[in-house]
Amino acid sequence: MKSSAKKIELASVDDLFSTEESRQDAAREKIMEIPLSELFPFEDHPFSVRDDDAMKETVESVKEVGVVVPAIARPREGGGYELIAGHRRKRACELAGLETMPVIVRDLDRDAAIIAMVDSNLQRENILPIEKAKAYKMKMEAINRRAGRPVKTVETVREENCGQVDMLPIRQTVK
């Protein structure tokens with residue numbers, strides 16, 4: 001017989017003597033100063049970061065007042081953090097010579113991170129149409145995966161509709 005005592009988990013001394021307030025405080029999101037070397041770009045990020053006049057203005061602002069709005073990131077499996085929002089701010093920090101930047105770390109799965117990334121970037125003024133299209137496509141696929149529906153690709157749509165085309169009667173021309 002296997003012992004059921006192996007399944008028992010004992011609380012640590014700190015857990016036993018902590019207050020409800022300290023437990024709630026530990027669960028809250030916090031802004032952390034994270035080294036730029038530990039921040040990695042979002043995989044397949046549809047928005048490009050350009051060193052243009054707007055970036056020069058952002059760099060000057062970062063030099064004067066720092067990063068006003070913290071970036072959002074999620075922990076990576078290989079260590080460090082994957083940026084969800086804040087790619088331009090990170091680049092501005094690099095150009096301004098900073099070594100860290102303020103970041104809110106959230107524990108998000110890939111689909112939730114995609115939705116947050118797209119929503120946080122679509123408010124920008126100058127977005128190329130191709131960037132916007134790729135972002136909306138990524139968001140739609142993430143929403144579909146979260147809803148449990150299979151993602152339709154061009155190939156699956158063709159396969160589904162192929163039978164309909166084959167069934168159409170062929171008109172004969174009368175001369």
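- Nearest heavy atom pair, residue P75 against residue R106, reads CD-O, 3.4 Å.
- Annotation: the span from K134 atom NZ to L128 atom CG amounts to 12.5 Å, rounded to 0.5 Å.
- For CG of D107, the number of neighbouring non-hydrogen atoms (other residues, nucleotides, ligands) closer than 6.0 Å is 12 at most.
- Put simply, the side chain of M101 reaches to within 4.5 Å of the side chain of L36, judged on heavy atoms.
- Atom CD of E94 sits about 10.0 Å away from atom OG of S37, to the nearest 0.5 Å.
- When side chains are defined from C-beta on, L39 counts as touching I34, because their heavy atoms get closer than 4.5 Å.
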Anything under 3.5 Å between a donor and an acceptor, one on a side chain of residues 112-120, the other on a protein residue two or more places apart or in another chain? List them.
from: D119; atom 1: OD1; to: K139; atom 2: NZ; distance (Å): 2.6
from: S120; atom 1: OG; to: A116; atom 2: O; distance (Å): 3.0
from: S120; atom 1: OG; to: M117; atom 2: O; distance (Å): 3.1

Any chance you could lay out the side chain to side chain contact (heavy atoms under 4.5 Å, CB included) test for I84 and R74, step after step, and finish with the verdict?
CA-CA 7 Å; I84 295 170; R74 69 183 188 136; 4.0 Å; yes
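- When all heavy atoms are compared, the tightest approach of F40 to G80 is CE1-CA, 4.1 Å.
- Residues F42 and H87 have side chains in contact (heavy-atom distance under 4.5 Å, counting atoms from C-beta outward).
- Contact record, P102 with I31: CB-CG2, 3.7 Å, taken as the closest heavy-atom pair.
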For salt bridge (Lys or Arg N to Asp or Glu O under 4.0 Å), just list the numbers for K56 and E60, CA-CA rounded to whole Å, side-chain angles, deciding distance to a tenth of an Å, and then say yes or no.
CA-CA 6 Å; K56 289 177 186 173; E60 289 306 314; over 6 Å; no
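- Looking only at side-chain heavy atoms (C-beta outward), V103 and P70 stay at 4.5 Å or farther from each other.
- With sequence neighbours left out, Y81 forms a ring pair (Phe, Tyr, Trp, His ring centres under 6.0 Å) with no residue at all.
- A 4.5 Å side-chain heavy-atom check between L98 and V62 finds at least one atom pair inside the cut-off.
- Hydrophobic clustering of Ile, Leu, Val, Met, Phe, Trp and Tyr side chains at less than 4.5 Å, counting indirect connections, keeps V49 apart from I127.
- Using a 4.0 Å cut-off between charged nitrogen and carboxylate oxygen, D111 and R146 do not count as a salt-bridge pair.
- Nearest heavy-atom pair across R50 and R88 is O-NH1, 4.1 Å.
- The shortest side-chain heavy-atom distance between M32 and I104 does not fall under the 4.5 Å cut-off.
- In this view, E38 satisfies the salt bridge (charged side-chain N to carboxylate O under 4.0 Å, His left out) rule with no residue, not counting sequence neighbours.
- Between D51 and R91 there is a salt bridge, since a side-chain N of the basic residue sits under 4.0 Å from a carboxylate O of the acidic one.
- Using modelled atom types, no side-chain atom of R76 and backbone atom of E82 make a donor-acceptor pair closer than 3.5 Å.
- No side-chain heavy atom of E99 sits under 4.5 Å from any side-chain heavy atom of P35.
- Between E141 and K137 a salt bridge is recorded (basic side-chain N to carboxylate O distance below 4.0 Å).
- For the pair M55/L95, a side-chain contact is recorded, criterion being any heavy-atom separation below 4.5 Å from C-beta on.
- Among all heavy-atom pairs drawn from T100 and C93, the shortest one is O-SG, 4.4 Å.
- The shortest non-hydrogen separation linking V68 to V65 is CG2-CG2, 3.9 Å.
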